[in-house]
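In what follows, chains carry the letters A, B, and so on, assigned in the order in which the sequence lines appear, proteins first and then strands, with residues in each chain numbered from 1. Computed from a predicted structure; not experimentally measured.
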2 protein chains.
Amino acid sequence: MGPLDSYLPYLLNRAGARIATAFSAEMRPLGATLQAWRVLAALRERDGRRMGGLAETTAIEVSTLTRLVDNMESEGLVARRRAPGDARAVTLHATAAGRRLTQRILPIAERYERVALAGFSAKEAEALKVALRRLYANMAALRP
Amino acid sequence: MGPLDSYLPYLLNRAGARIATAFSAEMRPLGATLQAWRVLAALRERDGRRMGGLAETTAIEVSTLTRLVDNMESEGLVARRRAPGDARAVTLHATAAGRRLTQRILPIAERYERVALAGFSAKEAEALKVALRRLYANMAALRP
DNA sequence: GGCTGTTATTTGTAAATGCAAATAATTGGC
DNA sequence: GCCAATTATTTGCATTTACAAATAACAGCC
């Protein structure tokens with residue numbers, strides 16, 4: 001293996017960590033966290049998801065998610081309901097307060113997208129996204 | 001903001017998390033961790049780095065790194081030395097055992113690079129790396 | 001040479017994380 | 001309809017993590 005900064009997982013993690021750290025710092029004054037935002041964003045896209053599905057799309061471990069949702073629930077941002085037709089499953093729903101918080105975070109998220117992609121042409125940005133989706137799919141190969 | 005999976009920080013994190021989880025699982029039987037590997041890889045590239053620089057290149061928080069290095073040191077993988085010319089600073093050095101472990105991990109790391117980039121042409125792979133470096137540089141803009 | 005402010009690392013502490021085990025409920029045979 | 005195997009979520013527990021404060025040593029200025 002050559003220099004570290006030609007190693008893809010390294011580049012990926014390094015960029016991801018930098019965005020995550022900066023974004024987390026922005027969340028703090030709002031009393032939110034990056035992970036909570038992920039959950040809210042996922043629910044904004046489709047409300048009433050199950051814990052398992054939510055874990056999958058947010059890339060948060062289910063047991064971690066359980067406790068994160070505990071907190072968010074006690075803060076009144078989301079509510080758990082029993083899934084209709086399957087009493088094992090739980091569906092998660094954003095509350096009005098949750099949706100309000102989502103609206104406050106959205107412009108910040110949009111700014112991050114812009115800053116991250118500053119200097120990229122539309123074509124380059126799209127190519128990067130396509131590549132990241134592909135890479136994600138590739139990694140499914142050696143999953144547990 | 002549109003669908004989640006057109007949001008760049010999301011794509012980045014999701015891909016990164018998947019690689020990290022899978023790679024961590026591979027490290028376990030070796031008695032290593034992903035973070036320890038990052039340190040070893042950074043030392044392989046240049047031994048005798050300082051803690052601060054190491055934190056920077058590995059994207060591990062310095063206080064986290066201190067304790068990670070404590071562990072690695074007690075496992076005999078690395079050794080701290082006082083930096084010559086500056087008694088505040090510490091330089092970190094891989095031991096023979098550390099280098100042996102590095103050699104065992106290298107082929108795994110190389111496999112991950114291959115799997116992640118499966119189906120990418122050399123040109124596409126390089127474009128992705130360039131984009132990730134650029135993105136990383138862009139994010140320096142709104143750092144603490 | 002002795003302050004003053006800065007830099008490098010560590011430590012205190014509370015919260016987040018992840019694996020494994022536990023719990024609860026479904027499904028598919030039979 | 002009952003049992004075994006599977007699926008969805010939660011809990012137990014030990015580790016990792018990050019922010020902030022503490023410590024230690026340097027650098028420049030007078």
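- Scanning DNA chain D 5' to 3' for nucleotides with an atom closer than 4.0 angstrom to a non-hydrogen atom of chain A gives a first and last hit of dT7(D) to dC19(D).
- Atom-to-atom, CZ of R50(B) to P of dT10(C) comes out at 12 Å; the value is rounded to the nearest Å.
- For the pair L132(B) and K129(B), the minimum side-chain heavy-atom distance is 4.5 Å or more.
- Between the side chains of S63(A) and E61(A), a donor-acceptor pair is found at a separation under 3.5 Å.
- Judged as a side-chain contact (heavy atoms from CB on, under 4.5 Å), and not counting sequence neighbours, the contacts of V62(A) are A55(A).
- Residues from residues 82-89 of chain B that place a heavy atom under 4.0 Å from any atom of DNA chain D, listed by number: D86(B), A87(B), R88(B).
- Applying the side-chain contact (heavy atoms from CB on, under 4.5 Å) criterion to D86(A), with sequence neighbours excluded, gives R50(A), R88(A), A89(A).
- Counting heavy atoms from C-beta on, the side chains of T33(A) and N71(A) never come closer than 4.5 Å.
- Here side-chain hydrogen bond (donor to acceptor under 3.5 Å, both in side chains) pairs that include residues 103-112 of chain A, with residues two or more places apart or in two chains, are E26(A)-R111(A), E26(A)-Y112(A).
- For DNA chain D, the residues of residues 26-43 of chain A within the heavy-atom distance limit of 4.0 Å (strictly under) are R28(A), sorted by number.
- Between W37(B) and Y7(A), the ring planes lie perpendicular to each other; the angle is over 60°, past the 30° to 60° tilted range.
- Sorted by first and then second residue, the salt bridge (Lys or Arg N to Asp or Glu O under 4.0 Å) pairs with a member in residues 94-103 of chain A form an empty list; sequence neighbours excluded.
- Side-chain contact check for L135(A) versus L128(B): some heavy-atom pair is nearer than 4.5 Å.
- In this structure, CE of M51(B) is placed 10 Å from P of dT11(C), rounded to the nearest angstrom.
- Every residue two or more places apart in sequence or in another chain that forms a side-chain contact (heavy atoms from CB on, under 4.5 Å) with S121(B) is listed here: K123(B), E124(B).
- In this model, the phosphate group of dA16(C) is approached by a side-chain N or O of N71(A) to a distance below 4.0 Å at OP1 or OP2.
- Of the residues in residues 62-70 of chain A, those lying under 4.0 Å from DNA chain D by heavy-atom distance are V62(A), S63(A), T66(A), R67(A).
- Under the rule for a salt bridge (charged side-chain N to carboxylate O under 4.0 Å, His left out), the partners of D70(B) that lie at least two apart in sequence or sit in another chain are R80(B).
- A42(A) pairs by the side-chain contact (heavy atoms from CB on, under 4.5 Å) definition with R49(A), L54(A), T57(A), T58(A), L4(B), not counting sequence neighbours.
- Each of E61(B) and V90(A) was matched to the nucleotide of DNA chain D holding its nearest heavy atom; the match closer to the 5' end belongs to V90(A).
- Annotation: salt bridge (Lys or Arg N to Asp or Glu O under 4.0 Å) contacts involving residues 30-44 of chain A, sequence neighbours excluded, are absent.
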